[in-house]
Each structure stands twice: as C-alpha cells, then as structure tokens.
Amino acid sequence: MTTGEAPESVEAFRARARAWLAETMPRLGTMSHVARYADEDGSWRRARELQQKLYAGGFAGIRFPKAYGGLGLGPAHQLAFNEESAGYELPILLNIPTFSVCCATLLDWGTEEQKREHIGAAIRGEEVLAQFLSEPSGGSDLAGLITRAERHGDEWVINGAKTWSTSAYGADYALCLARTDPSRPKHDGLTMFLMPTNAPGLTMNRIRMVDGSTEFCEEFFDDVRLPADAVVGEVNGGWKVVTRQLHHERSAMGGGSPYTSGEGMPRSKSAMEAIEVARAAGRTDDPEVRTLVGEALALALVHEQLVARVSEGLANGHLEGPAITMPRLFHAETSQAENDLGLRIAGALATVGSGPDPFARQVGTSFLNRQVISLGGGSTEMARNVISERLLGMPREHAPDRGVPFHRITRG
Ligand SMILES: Cc1cc2nc3c(=O)[nH]c(=O)nc-3n(C[C@H](O)[C@H](O)[C@H](O)COP(=O)(O)OP(=O)(O)OC[C@H]3O[C@@H](n4cnc5c(N)ncnc54)[C@H](O)[C@@H]3O)c2cc1C
C-alpha cells in the first residue's frame, strides 16, 4: 500500500494489482455471465465476499476519497485496474446502483456522518444500497410521486409504495424520495431519506420478470418510522438530491461513471461475446456473421470514444451536466443492436429454455430483456427530452402542473 502523501504511481499500482489479482481472485470462465444470474441470492453474498477481498487487498473504492474509506486515486489508476482485472471474478453487481449511483449521491449530498458510515461500509463490502424512486403510478414523472413523509416529533413517518427497485432484496439501505410538503409545487416539496430495507412497516416483494429473474422488487410502506438524521440533503430539497442521483445513474448507464470498477473493456466484451455465440453456432466462417461481429466491435468502439469524449468535456467544463445523457442514450441503442445481432448469429440455438448450447441460450434470454436498457435509469424518451431541451435549446415540453401546489394538481 501507498504510504505518506504521494499517491502510488500508476505503473506501481498496475503491477501490484496484476500480482494480487493473479494470487487472490478467481478467474472467470467463458460462461461466467450465465452463471452470475443462476442463483440471485448467492450472487449477492458472493459480491459482498469479493468486495471484502478487494478491500483487504487495498483495491476497493479506487476513486472515492480517502476520508470515506476509498483510495483517493484518479482515472488512470482506475483504468489500469479495469484492464488488469479483465478475466477475473469481481463484485460488479455492486457497481450499479451501490457505488456509481447511491454512494456518488451521498458524496454530493450526504452529511459527514452519512458519508463516513455508508460509503465506508459499502467499500468494505459490508453494505449494499438500492434506490426507492419509481412508484406504481409512474417513474418518468418522478416529481409527481405520491409517497408521503410526515414529521411526527423527532421522527418521519413514511406511507406509500415504490416499485422496480433493482436488487433491493440484497440491499441494506435505500435512497427513498418522498413528498414532505404537498402545499408546494411538485418539485419543491420532496425530501430524500436513507431508509433501512429491514425497517418495521416495510414490506418487500420480488417481481418475476419474463426472463425468469426476480431482481426487481416492490415495497409498501405502512408507517415506516425514520429518525431525523435519515434525511439526505435538506428537507423539501429532495429534487436537488435526486437530480444529482439521476445524473450519476445516467452516467453509470452510459458507461461513464468514475465509481464503477473492474468491468474490463466494453470493446472486447461485446465483440468477444458475439464471437463466442458464432462459435457455438458453428458460423465463424460465415461472411454475414463476420460482418455482424465487426458491427459489434465498431459499435463498442464508438461507444467507448463517446464516453471518453463526454467525460473529458464534463471534466474540463466544455460540456454541461446534461451531456451525460448522450452516452446513456447511445448505450441503450448499442445494447439493443448487440442483442439483435447476437440473436441473428445464434439463430434457432437461442431458443429460450430448450436450446442445446447454454451460451447461445443466454442470447435468447438477454433478448427477452432487450427493452430494460431503454427504461432503467430513466427512459430513452426522457433522455431525448433532456438532450433536446437542455443541450439543443429546443422549447420545453408543456407542463400544466408547473408551479402549481401539488395538492391542487388533478391526478389519475
Ligand atoms: C433495468 C431497470 C432498472 C430499474 N431500477 C430502478 C431502481 O433501482 N429504482 C427505481 O426507483 N426505479 C427503477 N427502475 C424504474 C425506471 O426508473 C422506470 O421504469 C422509468 O423511469 C420509467 O418509468 P415507468 O416504467 O413508470 O414508465 P412511465 O413513466 O409510465 O412511462 C411509460 C412510457 O411513456 C414514456 N413517457 C413518459 N413520459 C414521457 C414524456 N414526458 N415524454 C416522452 N415520453 C414519455 C416513457 O418514456 C415510457 O416509454 C428501473 C427500470 C429498469 C428497466
């Protein structure tokens, strides 16, 4: 480990990571992404164990400040670790939303105590975080949410419901947005809370999806009581907090978050997967398949460069925050295109449930999930709205409820 003030050089960090990974972390087989979803609860236990290993080895929280348990290192160190760790089993389940969305938001808006406690615990592999934002009445109009939080003495009492919370069953805490003042316009009366997922009064169900996964959860709050220090940011200032949270989520969904670790190079990943499917289908010599593999590689290359360019533009001030929506939108488009070409290469082998080759079968299962990428992290239609209104300066969408006290807005 580095001592004193001078950060470890990237070369020394890379060499140390290479040796440590080879000695400590399990290697991935080609079927690893299939296995990852085979036992969802086991995957979460495994992610915590792997994160604890990373922490013990001195490779956890590379970009997070030292004050909150991270290494306080820069993008070059993170890139070196990502390159060295490609091919090893890592706790990538914790990247979204725990590190890249929830911890990043706490870093922006949490109190010193919240940052030390929760970011530190996540980096040590002791805590997983989730997001309670979307509601059964809709997710795009987030400011129109109806879950209420009322102040009773020293406590907040929460009533309402949330849905589509990714992997909340594996989490310890969630960032939960609730309405604290319905007499204010919809964006102004919201507050963000850190809610323990085992709080009395919270009922959580898992939702079974068409691909068989039960990663999504729905929650019902019946008089869930939270202490005053569960507030993140200011009371009735929740919109500012969630705006950053959505920024971090778009950044993560687009592949540009500074806080994700160990995902290797997307370029090699998508093209390698296409090649594996071609191999399983016995079509590596087929000119059409070779064109499709080339397309996967080209898409991944453009994506990588778009992420690099937007990240740099944001860092040096040439681009404004909403620019992060461009890679988010492009990621959704490319991921759907990759799903489609995977299916074209695999053909009948991708038949869900009964195809002979598990790798190609996974292509079919992924295809069932094709649309999720255009909804998670805010829909691609909403991303297009952000790009047109906030980057291209086009007129804002008509909103009859803008500036109207929430309790006067007709709903339903
Ligand atoms: C993979 C994945 C992970 C997710 N994880 C979480 C999570 O952890 N926590 C959480 O709280 N939520 C999560 N969600 C929910 C997600 O945030 C919502 O699905 C999303 O915001 C859209 O909300 P909705 O599904 O209610 O659709 P709606 O808001 O009902 O929208 C329906 C359709 O109408 C379109 N639409 C709505 N308003 C407009 C508009 N103004 N202009 C143009 N088109 C519009 C939408 O784009 C969409 O196509 C997740 C979803 C997915 C797919």
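Order of listing sets the numbers, starting from 1, for every ligand and every atom in it.
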Asker: So is A130 touching ligand 1 or not, going by heavy atoms under 4.0 Å?
Answerer: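 Not so, A130 does not reach ligand 1.
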
Asker: So do W239 and L142 actually touch side chain to side chain, heavy atoms under 4.5 Å?
Answerer: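 Result yes, sub-4.5 Å side-chain heavy-atom pair found.
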
Asker: Could you check whether atom 17 (O) of ligand 1 has a protein contact, counting only heavy atoms that fall below 4.0 angstrom?
Answerer: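 True for atom 17 (O) of ligand 1.
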
Asker: Answer with side chain, backbone, both or neither: which part of L142 has a heavy atom less than 4.0 angstrom from an atom of ligand 1?
Answerer: neither

Asker: Of the options I324, L246, T325, which is the one that meets S251 in a side chain to side chain contact (heavy atoms under 4.5 Å, CB included)?
Answerer: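 Among I324, L246, T325, the one meeting side chain to side chain contact (heavy atoms under 4.5 Å, CB included) with S251 is I324.
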
Asker: Which of these passes side chain to side chain contact (heavy atoms under 4.5 Å, CB included) with F64: S261, P258, C103?
Answerer: C103

Asker: With respect to atom 21 (O) of ligand 1, which of G376, A171, G139 exhibits the smallest heavy-atom separation?
Answerer: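 Heavy atom nearest to atom 21 (O) of ligand 1 belongs to G139.
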
Asker: How about D223 and N159: does a side-chain donor come under 3.5 Å of a side-chain acceptor?
Answerer: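 Result is yes, a qualifying pair exists.
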
Asker: May I ask you to identify the nearest protein heavy atom to atom 13 (C) of ligand 1, giving residue, atom name and distance to one decimal place in Å?
Answerer: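 So the nearest neighbour among protein heavy atoms is W164 O, 2.9 Å.
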
Asker: What is the closest protein heavy atom to atom 39 (C) of ligand 1, and at what distance does it sit?
Answerer: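 Looking at atom 39 (C) of ligand 1, the protein heavy atom closest to it is M382 SD, 3.5 Å.
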
Asker: Just to verify, which of R27, M25, R46 counts as forming a side chain to side chain contact (heavy atoms under 4.5 Å, CB included) with E89?
Answerer: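 Looking at R27, M25, R46, the match for E89 under the side chain to side chain contact (heavy atoms under 4.5 Å, CB included) is R46.
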
Asker: So, for G125 and Q52, which heavy atoms are closest and what is the spacing to 0.1 Å?
Answerer: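 For G125 versus Q52, the nearest heavy atoms are O-NE2, 3.0 Å.
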
Asker: Give the residue and atom name of whichever protein heavy atom lies nearest to atom 44 (N) of ligand 1, and the separation in Å to one decimal.
Answerer: E381 CB, 3.4 Å

Asker: Taking 4.0 Å as the limit for heavy-atom contacts, which would you say applies to E397 with ligand 1: side chain only, backbone only, both, or neither?
Answerer: side chain

Asker: Under the side chain to side chain donor-acceptor pair (under 3.5 Å) definition, can you give me all pairs with a residue in residues 97-109, not counting sequence neighbours?
Answerer: D108-R244, D108-H248

Asker: Of the listed options (V101, L177, T166), which comes nearest to atom 5 (N) of ligand 1 when hydrogens are ignored and any heavy atom counts?
Answerer: T166

Asker: Indicate whether atom 35 (C) of ligand 1 is within a distance of less than 4.0 angstrom of some protein heavy atom.
Answerer: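 Within 4.0 Å of atom 35 (C) of ligand 1, no protein heavy atoms are found.
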
Asker: Starting from atom 9 (N) of ligand 1, what is the nearest protein heavy atom, named by residue and atom, and what distance separates them?
Answerer: Q131 O, 3.0 Å

Asker: Could you tell me the residue and atom name of the protein heavy atom closest to atom 15 (C) of ligand 1, and the distance to it rounded to 0.1 Å?
Answerer: S134 OG, 3.2 Å

Asker: With a 4.0 Å cut-off, strictly under, does atom 7 (C) of ligand 1 pick up any protein heavy atom?
Answerer: yes

Asker: Is at least one protein non-hydrogen atom found at under 4.0 angstrom from atom 3 (C) of ligand 1?
Answerer: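 Flag for atom 3 (C) of ligand 1 set to true, protein heavy atom closer than 4.0 Å.
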
Asker: Between the side chains of N385 and E381, does any donor sit under 3.5 Å from an acceptor?
Answerer: no

Asker: Under the side chain to side chain donor-acceptor pair (under 3.5 Å) rule, what pairs show up with a residue in residues 118-131, not counting sequence neighbours?
Answerer: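 Pairs touching residues 118-131 that pass the test: H118-E127, R124-E126, Q131-Q245, Q131-E249.
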
Asker: Within a distance under 4.0 Å of any heavy atom of N385, pick out the atoms of ligand 1 and give their elements.
Answerer: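 Close to N385: 40 (C), 41 (N), 42 (N), 43 (C).
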
